[in-house]
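Can you read through this structure? Questions will come right after.
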Amino acid sequence: MNETTTWNIDIQTALIEWFDRSARTLPWRSYSNPYAIWLSEVILQQTRVAQGRAYWEKFMTEFPTLQSLAEAPSEKVMGLWAGLGYYSRARNLHATAKIIAELGDFPNNAKDLQSLPGIGPYTAAAIASIAFKQVIPALDGNAFRVYTRLFALADCIDLPSTQKIIAHKSLPLLDPLRPGDSNQAIMDLGAQICTPTQPKCIDCPLAFACEAFRRGTQTDFPMKKSKKVAKQVSMTLHVIMRKDKIAVIKRPSKGIWGDLWCFPEELPETIPVIEGLRKRHLLTHLDLDVHFPESHAPSLWIEPQWEWVDPNVLQHRAIPVPIRWWLEEKNYI
DNA sequence: AAGGCGGGGGG
DNA sequence: CCCCCAGCCTT
């Protein structure tokens with residue numbers, strides 16, 4: 001056994017022992033069925049555990065099995081997802097449930113998993129390692145941070161070439177008998193110890209092996225391209241009342257708030273408008289200045305795309321956060 | 001390779 | 001205010 005091998009095994013062991021001692025207790029970790037694990041992984045894409053946890057509980061209660069999710073109406077799936085963001089995840093989740101239900105059994109390796117909608121390199125590796133014990137590194141934002149520090153790797157993590165290097169260098173650090181736990185240990189480490197700004201290296205089980213720690217350059221990693229500023233955009237969402245009903249439209253699948261119910265952005269010029277509320281809504285790529293002008297449509301007014309709904313029940317549909325905000329401001333919730 | 005896509009919590 | 005989070009998909 002050469003020196004490199006023993007070094008890697010020392011890291012494997014330190015990681016697994018730390019995991020057994022200090023891992024977060026998360027509800028999906030008590031499940032071994034791939035459905036529950038897949039659901040957690042999709043919900044947690046670009047989403048903190050603290051935010052996604054309640055959604056996982058809701059989905060598991062409403063759809064205890066993959067079959068039940070596959071058979072659900074999409075309106076119900078989108079409604080449960082409302083408020084969590086990145087709504088294409090919900091559409092892809094539903095589409096994949098139907099595909100797997102049709103297949104008969106759950107794909108059990110990363111390559112097959114990655115062919116499914118909404119399952120990319122990270123999620124495929126996570127499911128394959130956790131549910132099926134495939135030895136493959138699951139590289140999320142946490143893992144990229146932990147590994148670039150461990151290796152003092154100064155390459156930009158946005159580049160696919162860098163991600164390949166990390167996948168290659170991290171593979172031997174996984175315990176071949178517990179690859180899922182090794183991956184989850186790295187992610188837990190990133191969330192609790194190897195944090196972006198103030199890493200707690202004094203408590204880190206991998207400090208003995210960490211090149212950035214040895215150099216005192218932990219916060220130099222990971223390197224990434226500077227992000228662009230969010231574009232400022234003004235958006236008009238017309239609040240149109242007809243008697244006691246309010247006009248809503250279902251937004252197209254592509255674009256912001258895809259498949260969600262929203263107030264119309266366009267209004268026939270024949271309907272007079274009064275100024276309404278205004279709200280700033282920040283997204284990663286947009287700085288929205290949302291206007292809510294109010295108007296009243298004649299009692300028999302028909303607009304093909306609009307649906308007239310009771311504002312008191314609108315909260316139960318799949319609506320974006322600004323609509324929910326408006327309903328709250330007007331005491332409909 | 002770059003840009004679109006949500007929302008919220010923590011420093 | 002700024003950061004970035006168990007990323008993926010399209011162009």
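Only heavy atoms go into these numbers, but all of them, side chains included; no hydrogens, no water, no symmetry mates.
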Please check this pair: side chain of A:T123 against backbone of A:G120, looking for a donor-acceptor N/O pair closer than 3.5 Å. no
To the nearest angstrom, the CG-C1' distance between A:L139 and C:dC8 comes to 15 Å
Could you check whether A:G190 gets within reach of a base, just the sugar-phosphate, or nothing at all, counting any heavy atom under 4.0 Å?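 Result for A:G190 = nothing.
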Name the nucleic acid region contacted by A:I127, choosing base, sugar-phosphate or nothing; use a 4.0 angstrom heavy-atom cut-off, strictly under.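 Nothing: the residue A:I127, judged by heavy atoms under 4.0 Å, touches no strand.
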Within less than 4.0 Å of OP1 or OP2 of C:dA6, is there a side-chain N or O belonging to A:W56? no
Can you check whether any acceptor in the base of C:dC8 is under 3.5 Å from a donor in the side chain of A:R89, or vice versa?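 No, no donor-acceptor pair under 3.5 Å.
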Short side-chain N/O contact from A:T123 to OP1 or OP2 of C:dC8, under 4.0 Å: yes
Distance in angstrom units between A:K279 NZ and B:dG8 C1', rounded: 13 Å
Between C1' of B:dG10 and CG of A:N142, the distance in whole Å: 15 Å
What is the distance, to the nearest angstrom, from the CD atom on A:Q163 to the P atom on C:dA6? 16 Å
Does A:R242 use its side chain to pair, donor to acceptor, with the backbone of A:W301 at less than 3.5 Å? yes
Quick check for you: among C:dC8, C:dA6, B:dG6, whose closest atom lies nearest to any side-chain atom of A:P121? C:dC8
Checking ring pair (Phe, Tyr, Trp, His ring centres under 6.0 Å) against A:W81, which of A:W56, A:F59, A:Y55 comes through? A:F59
Rounded distance (Å) that lies between atom C1' of B:dG6 and atom CG of A:D287: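 Rounded to whole Å, this separation is 14 Å.
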Residue met sooner reading DNA chain B from 5', once A:L159 and A:Y87 are mapped to nucleotides: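 Its nearest nucleotide lies further toward 5', so the answer is A:L159.
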Can a side chain N or O of A:H285 be found less than 4.0 Å away from OP1 or OP2 on B:dC5? yes
Nearest whole Å is fine: how far is B:dG6 C1' from A:R48 CZ? 14 Å
Ignoring backbone atoms, establish whether A:Q45 has a side-chain N or O less than 4.0 Å from OP1 or OP2 of C:dG7.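 No, A:Q45 has no side-chain N/O under 4.0 Å of OP1/OP2 on C:dG7.
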As a test of reading the structure: which of C:dC4, B:dG6, C:dG7 is closest to the side chain of A:T47, going by heavy atoms?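 In terms of side-chain proximity for A:T47, the closest of C:dC4, B:dG6, C:dG7 is B:dG6.
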B:dG4 phosphate, OP1 or OP2, under 4.0 Å from A:Y86 side-chain N/O: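 Answer is no, no contact under 4.0 Å.
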With rounding to whole Å, what would you report as the distance between C:dA6 and B:dG11 at their P atoms? 14 Å
Nearest to side-chain heavy atoms of A:R280, which nucleotide of C:dA6, C:dC1, B:dG7: C:dC1
On DNA chain C, check which nucleotide each of A:L26 and A:Q114 is closest to and give me the residue with the more 5' one. A:L26
Give the C-alpha distance, both sets of side-chain angles, the deciding distance and a yes or no for side-chain hydrogen bond (donor to acceptor under 3.5 Å, both in side chains) between A:E41 and A:Y122. CA-CA 9 Å; A:E41 294 300 341; A:Y122 162 75; 2.6 Å; yes
Side chain of A:N92, backbone of A:I119: donor and acceptor closer than 3.5 Å?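 Such a contact is absent between A:N92 side chain and A:I119 backbone.
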Complement of B:dG6, any strand, by Watson-Crick or G-U distances under 3.5 angstrom: none
Can you check whether A:C156's main-chain N or O pairs, donor with acceptor, with A:K225's side chain at less than 3.5 Å? no
What contact category does A:L84 fall into here, base, sugar-phosphate, or nothing, at under 4.0 angstrom with non-hydrogen atoms?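 Base, at least one base atom sits under 4.0 Å.
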Picking from C:dA6, B:dG8, B:dG11, which would you name as closest to the side chain of A:Y122?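 Side chain of A:Y122 sits closest to C:dA6.
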With a 4.0 Å cut-off on heavy atoms, is A:G83 in touch with a base, just the backbone sugar-phosphate, or nothing at all?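 If one applies the 4.0 Å heavy-atom cut-off, A:G83 turns out to touch the sugar-phosphate alone, with no base involved.
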Of A:K254 and A:Q198, whose closest DNA chain B nucleotide lies nearer the 5' terminus? A:K254
So, A:T5 versus A:N2: side-chain donor-acceptor pair below 3.5 Å or not? yes
If you check every side-chain atom of A:H281, which of C:dA6, C:dC5, B:dG7 has the closest atom?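 Closest nucleotide to the A:H281 side chain: B:dG7.
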Take A:L44 and A:L116, find for each the nucleotide of DNA chain C with the closest heavy atom, and name the residue whose nucleotide sits nearer the 5' end. A:L44
Of all the nucleotides listed (C:dA6, C:dC4, C:dG7), which has the minimum atom distance to the side chain of A:P196? C:dC4
P-based separation of B:dG9 from C:dC8 [nearest Å]: 23 Å
Classify the side chain of A:T284 and the base of B:dG6 as holding, or not holding, a donor-acceptor pair under 3.5 Å.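 Under the 3.5 Å cut-off, the side chain and the base do form a donor-acceptor pair.
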To the nearest 0.5 Å, tell me how far A:R149 CZ sits from A:C201 SG. 7.0 Å
Which nucleotide, B:dA2, B:dG7, C:dA6, lies nearest any side-chain atom of A:K225? B:dA2
Between P on C:dA6 and CZ on A:R29, what's the gap in Å once rounded to a whole number?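 Checked: the CZ to P distance equals 11 Å.
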Spacing between A:F144 atom CZ and C:dA6 atom P, to the nearest angstrom: 13 Å
Tell me whether the OP1 or OP2 atom of C:dC5 has a side-chain N or O from A:R145 closer than 4.0 Å. yes
